[in-house]
Engineer: 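One structure follows; several queries about it will come next.
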Amino acid sequence: MTEKIQHALSESKTARWIALILISSTMFFAYFFVDVLAPLQELLEKSPTFWKPEVFGMIGGGEFVLNVVAGMLIISGIILDKMGIRFTLITAGLTMVLGASLKYYALTEGFTQTALASFLGSFISGIPASAKLAMAGFAIFGVGVEMAGITVSKTIVKWFKGKEMAMAMGLEMAVARLGVFAVFQLSPVFAEMGGPSKSVLMGLIFLCIGFMTFFIYTFMDRKLDKQLGEAAQLEPEDEFHLSDLGKIFTNPGFLTIAGLCVLFYSAIFPFQKFATNMLSSKLDISLKEASAYFSYFPIGAGLLTPFIGWFLDKKGKGASVMLYGAMLLVVSHLIFALVPAESFNTAIALITIVILGVAFSLVPASMWPSVPKIVEARYLGSAYGCIFWIQNIGLMLVPMLIGWSLSASNPGVSEQIAAGVEGAKYNYMVPELIFAGFGVLAIGLSIVLRVVDRKKGYGLELPNKK
Ligand SMILES: NCCCC[C@H](NC(=O)[C@@H](N)CCCCN)C(=O)O
């Protein structure tokens, strides 16, 4: 058995990195699609869609509806632990393509002429039919992308545990962030060619390519399992049981990381959806220019993440790194909230984006490789699923909260923008203070995590590489 493991594909550096490239490529395209509408908020507020900020925020949160309300993420985790990596990757890929197709259809002219559009427009008149269908499609896509996220994490642990695990996870996230960079650069350009539907169509085409790279990876996965043979077969007592969910939800390390995760990410991903508009309003620049500035946020964070991962593999200090990341998160959101528009300039904006970018590499780089240290391998997929589920509750609700707070703190502005009033813009102080508040709570939980780690001996401060 030891010999089989020694000759396994995962012992070959080249094979490990090829596997990583394949699964990361899919995440590049998946993250591209996630934010395909993010730089187009103002375009969507106008004809023919007329999506108000609340509607826009609701669609952003829609990605998480099925994962949270129908518990799809917990189910995805169980599917992953029970059915294995290959089955779950293919299922995730197909689900993403299906959901993305619906979202594209919702934005096409053809849809507006259909009976479905009339039906969807016949209730809750504040939400246009196109938004309702787009939200349904995005919710289905959301199931796929989150299923893909947990499966990719488990796959990286499978190939890299005891090796360059944090660096590999960092690289995968870096590639995914490149997708966000690309979308902030390209989506406005595609929209100029044919409106928001053109951007979504391009995202859909990219996703089909992503499905292919997942598919190609499954051959490597099959080969690795074959090589490991019985060594990969779990003993009956090593199999996943539904009762393991109870163990996950009573594990103090898990609960603290999950809390930290929802708070931290609630101040990042929902912010990303509003950032273009916030920068454009605060700096008084075009949406295209603001989107181009903000595109450096994910790419900067992405580039730094593998280096932090490399450091964590070698030196450890994972729990402390999460604390430093939470602190930087608060600093950056407070700058966005409190520096008045008259004093806010491009240099301050870029420095603040860099601070936020550093936070966005410190926390993810240390958080995700910490999970295999606090739970058993047989229910790792479910543990990732449960953390994502808790995180998704925040990611679903926070964009709605931000959209609502933006409208409430800027009475009449939405109507002025829809009417095309020159110079009408939002003040983002209240939403930014909300984001900073999440960061403050995240600092508190990072401190708790360090205490729990010391008490339970998870080894979060220890290096990953043996
Ligand atoms: N596979 C790497 C671990 C997760 C990375 C993390 N993504 C998430 O937490 C997702 N649940 C949320 C993604 C939201 C956009 N769809 C990340 O840092 O990207």
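Both ligands and their constituent atoms are indexed starting at 1 by order of listing. Positions are given from 1 along the sequence.
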Engineer: Heavy-atom contact under 4.0 Å between M169 and ligand 1?
Structural biologist: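 Heavy atoms of M169 never come under 4.0 Å of ligand 1.
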Engineer: For ligand 1, which atoms, with element, lie under 4.0 Å from some heavy atom of M173?
Structural biologist: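 Atoms satisfying the 4.0 Å criterion: 5 (C), 18 (O).
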Engineer: Does any donor atom in the side chain of E146 or S76 lie under 3.5 Å from an acceptor atom in the other side chain?
Structural biologist: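 Note: E146 and S76 side chains miss the donor-acceptor criterion.
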Engineer: Pick out which of Y31, F32, Y104, F211 makes a ring-ring contact (aromatic ring centres under 6.0 Å, His included) with F206.
Structural biologist: F32
Engineer: Can you list the ligand 1 atoms lying under 4.0 Å from a non-hydrogen atom of V34?
Structural biologist: 15 (C), 16 (N)
Engineer: When you measure from atom 13 (C) of ligand 1 to each heavy atom in W389, F269, F360, which option holds the nearest one?
Structural biologist: F269
Engineer: May I ask whether M27 places a heavy atom under 4.0 Å from ligand 1?
Structural biologist: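 Contact check M27 vs ligand 1: negative.
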Engineer: Looking at atom 19 (O) of ligand 1, what's its closest protein heavy atom, distance included?
Structural biologist: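 Of the protein heavy atoms, Y31 OH, 2.5 Å lies nearest.
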Engineer: For the pair F138 and F141, name the ring-plane relationship: parallel under 30°, tilted 30 to 60°, perpendicular over 60°.
Structural biologist: parallel
Engineer: Can you tell me if Y384 contacts ligand 1 (heavy atom of the residue under 4.0 Å from the ligand)?
Structural biologist: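 No, Y384 has no heavy atom closer than 4.0 Å to ligand 1.
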Engineer: Please verify whether a non-hydrogen atom of G149 lies at under 4.0 Å from ligand 1.
Structural biologist: yes
Engineer: Report the nearest protein non-hydrogen atom to atom 16 (N) of ligand 1: residue, atom name, distance rounded to 0.1 Å.
Structural biologist: E63 OE2, 2.6 Å
Engineer: Quick one: which ligand 1 atoms are inside 4.0 Å of a heavy atom on S153?
Structural biologist: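 By the 4.0 Å cutoff, the relevant atoms are 1 (N), 2 (C), 3 (C).
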Engineer: For atom 5 (C) of ligand 1, which protein heavy atom lies nearest, and how many Å away is it?
Structural biologist: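 Of the protein heavy atoms, W368 NE1, 3.6 Å lies nearest.
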Engineer: Among protein heavy atoms, which lies nearest atom 9 (O) of ligand 1, and at what distance?
Structural biologist: Q391 NE2, 2.6 Å
Engineer: List the closest protein heavy-atom neighbour of atom 1 (N) of ligand 1: residue, atom name, distance to the nearest 0.1 Å.
Structural biologist: E172 OE1, 2.9 Å
Engineer: Which word best sums up how the rings of F388 and Y384 line up, parallel for under 30°, tilted for 30 to 60°, or perpendicular for over 60°?
Structural biologist: perpendicular
Engineer: Between the side chains of K247 and D244, is the shortest nitrogen-to-carboxylate-oxygen separation below 4.0 Å, so that they form an ion pair?
Structural biologist: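 Yes.
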Engineer: Please determine if D35 and K273 form a salt bridge, counting it only when a charged side-chain N lies under 4.0 Å from a carboxylate O.
Structural biologist: yes
Engineer: Measure centre to centre between the rings of F215 and F219, then say whether the value is under 6.0 Å.
Structural biologist: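 For F215 and F219, the ring centres are under 6.0 Å apart.
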Engineer: Is E54 paired with K52 through a side-chain N to carboxylate O contact shorter than 4.0 Å?
Structural biologist: no
Engineer: Judged by modelled atom types alone, do T213 and T26 share a side-chain donor-acceptor pair under 3.5 Å?
Structural biologist: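 Per modelled atom types, T213 and T26 side chains form a pair under 3.5 Å.
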